[in-house]
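Reading through the structure tokens given below for one structure.
Given the structure is predicted, the values throughout are model-derived calculations rather than measurements. Naming convention: chains lettered A, B, ... in sequence-line order (proteins, then strands); numbering from 1 in each chain.
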Protein chains: 2
Amino acid sequence: MTRILVVDDEPQILRALRINLRARRYDVEVAADGASALRVAAAQQPDLVVLDLGLPDMDGVDVIRGLRGWTPVPIIVLSGRVGSGDKVAALDAGADDYVTKPFGVDELLARIRAVTRRVVHSDNSPPTVRMGQFTVDFANHVVEADDGNELRLTPTEWHLLGILARNPGKLVSQRQLLHDVWGPQYERESHYLRQYMAQLRRKLEADPARPQHLLTEPGMGYRFRP
Amino acid sequence: MTRILVVDDEPQILRALRINLRARRYDVEVAADGASALRVAAAQQPDLVVLDLGLPDMDGVDVIRGLRGWTPVPIIVLSGRVGSGDKVAALDAGADDYVTKPFGVDELLARIRAVTRRVVHSDNSPPTVRMGQFTVDFANHVVEADDGNELRLTPTEWHLLGILARNPGKLVSQRQLLHDVWGPQYERESHYLRQYMAQLRRKLEADPARPQHLLTEPGMGYRFRP
DNA sequence: GGCCCGCGTCAGGAACGCGTCAAGGAACCC
DNA sequence: GGGTTCCTTGACGCGTTCCTGACGCGGGCC
């Protein structure tokens with residue numbers, strides 16, 4: 001199902017779009033200001049963003065730039081401003097389309113179809129996981145920071161992180177981790193786990209001493225929280 | 001250079017667009033009716049079509065369908081009709097954007113940039129790949145430097161580079177490379193890989209010791225970065 | 001309060017993988 | 001048959017990764 005993030009500070013527009021989009025079988029997330037738009041986009045990984053330029057806290061163009069810093073997600077801009085300068089600025093910042101208010105819902109839906117049609121055909125969505133400022137792509141074995149830098153993991157680190165990430169939110173026992181990564185005869189070498197979990201935290205956690213994603217369950221195992 | 005086909009039956013609009021687009025370093029082809037538009041598109045293979053819906057010989061939506069029958073080329077529609085039904089029909093027929101007359105040239109140029117930007121990003125597996133100062137053409141098995149000189153690759157080098165280039169950005173395991181190039185019984189002869197990757201880097205990388213495109217992932221495999 | 005266990009951290013040495021140079025041998029062209 | 005190109009194979013230095021041991025800390029238990 002296509003997930004759409006709608007960003008608008010006017011409750012009635014938000015409500016109208018949500019109802020209309022849900023009726024068309026879209027999965028709808030909403031945000032009422034720029035900061036939460038960026039936060040929800042990072043957490044929910046929408047397939048499309050419908051963005052009102054007139055937000056209370058940020059300039060809409062800055063929201064576009066904030067998104068474009070790390071994601072190619074299609075962006076359709078809604079705006080009451082009809083000036084050509086606004087359109088050019090938004091489109092050149094990375095927006096895919098620009099619709100001026102008042103707009104017809106039919107037209108917006110058609111533009112949503114036009115944009116998603118092109119992206120779906122071209123983009124093969126890899127199974128990717130967000131961890132703080134990092135995007136971990138297990139299919140391509142790439143860890144990319146939001147600033148564009150790449151982070152390198154060793155084969156053992158990939159193996160360990162992969163098992164945890166494939167069980168998001170679930171507790172994975174030490175025995176199972178040791179068995180899967182090192183082999184059956186290493187099931188009591190919990191030292192290995194401590195060693196490599198520390199390495200992963202150093203590389204991926206903002207504060208390795210207070211991990212937000214790679215959690216320890218004392219006496220039991222480890223847990224990955226997305 | 002980006003080639004744009006402009007389709008319009010009004011000579012002054014055609015003229016204005018041609019001048020403006022040429023000034024922006026676009027390669028411009030023109031057509032004054034639907035039939036010639038389809039003919040020129042087939043002959044010239046434009047990277048973008050700007051299409052006026054009000055043509056003398058055909059309905060504009062049929063021109064869109066005629067193009068979409070065989071090419072995914074981006075289409076930006078110009079139209080004097082502001083009705084929502086026309087927009088929806090054109091977009092659902094396969095148009096990427098819809099601009100109502102009168103329009104600002106700046107806005108149209110920004111929309112052209114927005115559409116071409118996305119298509120270039122999404123272009124999948126071209127038969128030719130850029131690597132530093134070289135252009136690698138896999139269809140014809142030719143490597144040409146920017147200064148016009150040609151570079152020769154051996155069959156094994158073509159085979160190896162081809163597999164990597166068909167998976168841009170993706171990590172390809174040593175096993176898979178060895179299996180595909182040398183055969184199943186060579187999956188552990190990683191020495192071959194080191195040997196041939198070094199040869200490819202000597203030929204294609206500006207600084208073979210610091211490769212920019214043919215990257216090693218220690219313990220895992222190799223990766224081609226365009 | 002003292003003890004023990006589990007966890008996190010640091011530091012060293014061993015082992016492995018990678019890049020490079022070099023040379024022998026096979027296939028092909030003239 | 002001579003020469004060239006290409007593939008295969010060997011040996012070596014170096015950096016990284018992995019393994020291993022030691023230590024400090026905190027919580028639970030007696």
Side-chain angles (χ1 to χ4, degrees), chain A residues 141 143 150-162 164 171-224, chain B residues 141 143 150-162 164 171-224:
Chain A
H141 285 103
V143 181
E150 287 190 4
L151 189 63
R152 303 201 42 251
L153 299 182
T154 73
T156 310
E157 290 163 358
W158 275 112
H159 202 165
L160 184 57
L161 181 61
L164 290 169
L171 171 67
V172 186
S173 72
Q174 303 196 12
R175 282 183 60 117
Q176 187 179 341
L177 289 171
L178 287 163
H179 179 277
D180 288 355
V181 176
W182 283 272
Q185 63 270 39
Y186 289 82
E187 287 182 359
R188 293 157 191 251
E189 303 288 338
S190 58
H191 191 174
Y192 291 10
L193 280 181
R194 294 202 289 280
Q195 180 70 279
Y196 279 92
M197 290 301 299
Q199 287 188 32
L200 284 173
R201 283 173 179 152
R202 268 200 294 276
K203 291 186 177 181
L204 294 167
E205 293 278 5
D207 181 359
R210 293 185 179 71
Q212 297 300 305
H213 303 94
L214 299 169
L215 310 181
T216 303
E217 301 286 338
M220 316 267 305
Y222 293 87
R223 183 194 307 277
F224 171 73
Chain B
H141 281 201
V143 181
E150 285 193 5
L151 190 63
R152 289 181 49 81
L153 298 183
T154 74
T156 309
E157 288 165 358
W158 275 113
H159 202 167
L160 184 56
L161 182 61
L164 290 169
L171 172 67
V172 186
S173 72
Q174 306 195 15
R175 282 183 59 119
Q176 187 180 339
L177 289 170
L178 288 163
H179 180 277
D180 289 356
V181 176
W182 283 274
Q185 63 270 37
Y186 289 82
E187 285 183 1
R188 297 168 184 229
E189 303 288 337
S190 58
H191 192 170
Y192 288 12
L193 280 181
R194 295 204 290 279
Q195 182 67 275
Y196 278 91
M197 290 302 298
Q199 288 187 32
L200 284 172
R201 283 173 181 152
R202 269 199 293 275
K203 292 185 177 181
L204 293 168
E205 292 278 3
D207 182 359
R210 298 169 202 283
Q212 297 300 304
H213 304 94
L214 299 170
L215 311 181
T216 302
E217 300 287 336
M220 311 201 57
Y222 292 87
R223 183 196 309 278
F224 171 72

Indicate yes or no for a side-chain donor-acceptor contact from [X] to the backbone of [Y] under 3.5 Å, with no hydrogens or angles considered.
X        : Y        : result
B:Glu189 : B:Leu178 : no
A:Arg223 : A:Glu217 : no
B:Glu205 : B:His213 : yes

Side-chain contact, heavy-atom cut-off 4.5 Å: A:Met197 with A:Leu177? no
Do the side chains of B:Lys203 and B:Thr154 get nearer than 4.5 Å, heavy atoms only? yes
Would you say [N] has OP1 or OP2 under 4.0 Å from some side-chain N or O of [X]?
X        : N      : value
B:Thr154 : D:dC7  : yes
B:Gln174 : C:dC18 : yes
A:Ser190 : C:dG6  : no
A:Arg152 : D:dT16 : no
A:Arg201 : C:dG8  : yes
B:Trp182 : D:dC7  : no
B:Tyr222 : C:dG19 : yes
B:Tyr196 : C:dC18 : no
A:Thr216 : C:dG8  : yes

Can you tell me the distance, in whole Å, between the [atom1] atom of [X] and the [atom2] atom of [N]?
X        : N      : atom1 : atom2 : value
A:Asp207 : C:dT9  : CG    : C1'   : 14 Å
A:Leu214 : C:dC7  : CG    : P     : 15 Å
A:Met197 : C:dT9  : CE    : P     : 11 Å
A:Glu217 : C:dC7  : CD    : P     : 11 Å
A:Leu200 : D:dC18 : CG    : P     : 11 Å
A:Trp158 : D:dT17 : CH2   : P     : 14 Å
A:Leu193 : C:dG6  : CG    : P     : 14 Å
B:Gln199 : C:dC18 : CD    : P     : 17 Å

Closest nucleotide of DNA chain D for A:Gln195 versus for B:Leu153: which of these residues is on the 5' side? B:Leu153
Comparing B:Thr156 with A:His191, nearest DNA chain D nucleotide closer to 5' gives the residue B:Thr156
Paired with A:Tyr222, the side-chain contact (heavy atoms from CB on, under 4.5 Å) test is passed by just one of A:Leu215, A:Leu171, A:Leu193, A:Leu200, namely A:Leu193
Quick one: which of D:dC18, C:dC18, C:dG8 gets closest to the side chain of A:Arg194? C:dG8
Where the side chain of B:Ala198 is concerned, which of D:dT17, C:dT20, C:dT9 is the nearest nucleotide? C:dT20
Take the C1' atoms of the five end pairs on each side of the helix from C:dG1-D:dC30 to C:dC30-D:dG1, get both axes, and report the angle to 10 degrees. 30°
Classify the ring geometry of A:Trp182 against A:Tyr196: parallel below 30°, tilted from 30° to 60°, perpendicular beyond 60°. tilted
Nearest-0.5 Å distance, CD of residue A:Glu187 to NE2 of residue A:His179: 5.5 Å
